[in-house]
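Just below is one structure, and these are the notes that go with it.
Here, residue 1 is the first one in the sequence, and each next residue gets the next number.
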Amino acid sequence: SFKLQKSAVKISNGNYKNILNYNLMIYDLYLNKNIENKYDWKKYREMLISDDIYDYESAMILSIIFDDFNFVKDTKNFFEKTFSCEDTVKSIINQYLDKRLVPFEQTLKILQPKTFYDKFIYLMD
């Protein structure tokens, strides 16, 4: 539950805290959709593109959800040359850049919670 996730964040520290906060933000997005000023989402984007996680796909989608046009525009070329991704993700990025469309339900399906275990990051299904 949302309350349980908030409790876990309160007792965690370091990398665990960032990951739990990120997961809490994703959970909150699923529930509320309008959380723009509630989280320091750019901090989580930086976590996603750090050497520890290196998840540019999630970083791009997060930037689209929070309408950071410049990041998406400036990073798109690097992203396409460096990563293989599904056509759905490419379509979401192109729709956003061309028409500023944010297919919210599609974007949320792409974002996945992360878990941290023994200094390694794992995607959670």
Taken to the nearest 0.5 Å, the spacing of Y27 OH from L31 CG works out to 5.0 Å
Interatomic distance, CE@M25 vs CG@L111, rounded to 0.5 Å, equals 7.0 Å
Any side-chain heavy atom of Q112 within less than 4.5 Å of one from D55? no
Using the rule that two of Ile, Leu, Val, Met, Phe, Trp, Tyr join whenever any of their side-chain heavy atoms come within less than 4.5 Å, decide whether V89 and L101 are in one cluster. no
Using a 3.5 Å distance criterion without hydrogens, assess whether the side chain of N94 forms a donor-acceptor pair with backbone atoms of K90. yes
Which heavy atom of S63 sits nearest to which heavy atom of V72, and what is that distance? CB-CG2, 3.7 Å
Rounded to the nearest 0.5 Å, what separation is found between the OG1 atom of T107 and the CD1 atom of I93? 11.5 Å
Going by atom types alone, do Q95 and S91 pair a side-chain donor with an acceptor below 3.5 Å? yes
Would you compute the distance between atom CZ of F71 and atom NZ of K76 and round it to the nearest 0.5 angstrom? 14.0 Å
One pair to check against side-chain contact (heavy atoms from CB on, under 4.5 Å): K42 and L62. What are the steps and the verdict? CA-CA 9 Å; K42 287 184 180 180; L62 194 64; over 6 Å; no
Hey, does I19 have a side-chain heavy atom less than 4.5 Å from the side chain of Y44? no
When the aromatic ring centroids of F83 and Y56 are compared, is their separation below 6.0 Å? yes
For I110, which of I64, I65, I92 qualifies under side-chain contact (heavy atoms from CB on, under 4.5 Å)? I92
Between CE on residue M47 and CG on residue N21, distance to nearest 0.5 Å: 9.0 Å
Here the gap from N32 atom CG to K38 atom NZ, rounded to the nearest 0.5 Å, amounts to 5.5 Å
Quick check: F69 with Y96 (ring centres under 6.0 Å apart)? yes
Between I49 and Y54, the two heavy atoms sitting closest are O-CD1, 3.8 Å
Does one side chain, of D28 or Y39, offer a donor that lies under 3.5 Å from an acceptor on the other? yes
For residues C85 and F79, report the shortest heavy-atom separation together with the two atoms involved. SG-CE2, 3.8 Å
